[in-house]
Colleague: 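One structure follows; several queries about it will come next.
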Amino acid sequence: MSVKILYFAGLKEALGLPGETVELPAGVATVGGLRDWLVAQGRDKLATAKNLRCAVNQEMAGPEVAIKDGDEVAFFPPVTGG
Amino acid sequence: MTVRIQEADFDLGNELAALRAGDARVGALASFVGLVRDLNDGSSVSEMTLEHYPGMTEKALAEIVAEAKNRWEIYGALVIHRVGPLRPCDQIVLVAVTSAHRGEAFAACEFIMDYLKTRAPFWKREATPAGARWVDARDSDDSAATRWQK
């Protein structure tokens, strides 16, 4: 399946890219699994980032949340607006 | 219930007047304006840039306002949050709420602001004499939001 990944703020800067569309191998089916897979592809910052947050289709999501073909998955640091 | 994300500044007087215009049920209007300070975490700040997640930000704010409407009897609510480059003394955010009485207006306004701080996807990057840095989230913001869960 294919998912669209977005990165924001310090994470985007550290990775040097705003996002990417990736083809996931069978077996990568959750946010946590996706994060581990991206780290294995060389996105090391996803492993070391402090308190990394995630959203699936623009809703906050924990590592256990399932992902499916066509989803938009965003990774970002804790928010600091207001 | 209105949520706006914009680069442009806003006129506080005009916005508040529009929020309550013609609504004679309104006996209270509470508002909060967040401003850029020239000092943060011990460093002087000459400029700040606000980044957001287009789409999710509007959705998250609309959900927060809807939750406030569930909890309190409020008539109108307005959230304006600026993005892009900002300087000290600039307005960053406006939250305004109307209701019949002050208690509900104050509470809903503070609730929206506390939830915005921890749930709406915005990130601040500050220019300081030592270079630019991303602002770290504060634990005190988490505890401010958590107290509403009682």
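Chain identifiers are assigned alphabetically (A, B, ...) following the order of the sequence lines, protein sequences preceding nucleic acid strands; residue numbering begins at 1 within each chain.
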Colleague: What option among B/K124, B/R133, B/R125 has the most heavy-atom pairs under 4.5 Å with chain A?
Modeller: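 Looking at each option in turn, the highest pair count goes to B/K124.
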Colleague: Is chain A contacted by the side chain of B/R138, its backbone, both, or neither, given a heavy-atom distance below 4.5 Å?
Modeller: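 For B/R138, neither part sits under 4.5 Å from chain A.
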Colleague: Taking B/R119 first and then B/E67, would you say they form a salt bridge - that is, a charged N and a carboxylate O separated by under 4.0 Å?
Modeller: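 Between B/E67 and B/R119 there is no salt bridge, as every charged N stays at least 4.0 Å from the carboxylate O atoms.
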Colleague: Where is the tightest heavy-atom contact between A/A49 and A/L11, given as atom of each residue plus distance?
Modeller: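 Heavy-atom minimum between the residues: CB-CD1, 4.4 Å.
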Colleague: Before we go on, tell me: are the rings of B/W148 and B/Y115 under 6.0 Å apart, centre to centre?
Modeller: no
Colleague: Roughly how far, to the nearest 0.5 Å, is the CD atom of B/E126 from the CG atom of B/D41?
Modeller: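 Atom-to-atom, B/D41:CG and B/E126:CD are 7.0 Å apart.
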Colleague: If you count heavy-atom pairs within less than 4.5 Å of chain B, which of A/P78, A/A55, A/G10 leads?
Modeller: A/G10
Colleague: Counting only non-hydrogen atoms closer than 4.5 Å, does A/N51 touch chain B with its backbone (N, CA, C, O), its side chain (CB onward), both, or neither?
Modeller: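 Neither part.
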Colleague: Using a cut-off of under 4.5 Å on heavy-atom pairs, state which of B/R82, B/H81, B/M113 scores highest against chain A.
Modeller: B/H81
Colleague: Tell me, side chain or backbone of B/K117 under 4.5 Å from chain A's heavy atoms, or both, or neither?
Modeller: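 B/K117 touches chain A through backbone and side-chain heavy atoms alike.
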Colleague: Do B/R25 and B/E73 pass the salt bridge (Lys or Arg N to Asp or Glu O under 4.0 Å) test, and can you show the C-alpha distance, the side-chain angles, and the key distance before you say yes or no?
Modeller: CA-CA 11 Å; B/R25 298 172 305 167; B/E73 184 117 346; over 6 Å; no
Colleague: With chain B as the partner, which of A/K50, A/E59, A/M60 has the greatest number of non-hydrogen pairs under 4.5 Å?
Modeller: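 Option with the top pair count is A/E59.
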Colleague: What part of B/W134 is in contact with chain A, defined as an atom under 4.5 angstrom from a non-hydrogen atom: side chain, backbone, both or neither?
Modeller: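 Looking at B/W134, just its side chain touches chain A.
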Colleague: Got a salt bridge between B/R20 and B/D23, using NZ or NE/NH1/NH2 to carboxylate O under 4.0 Å?
Modeller: no
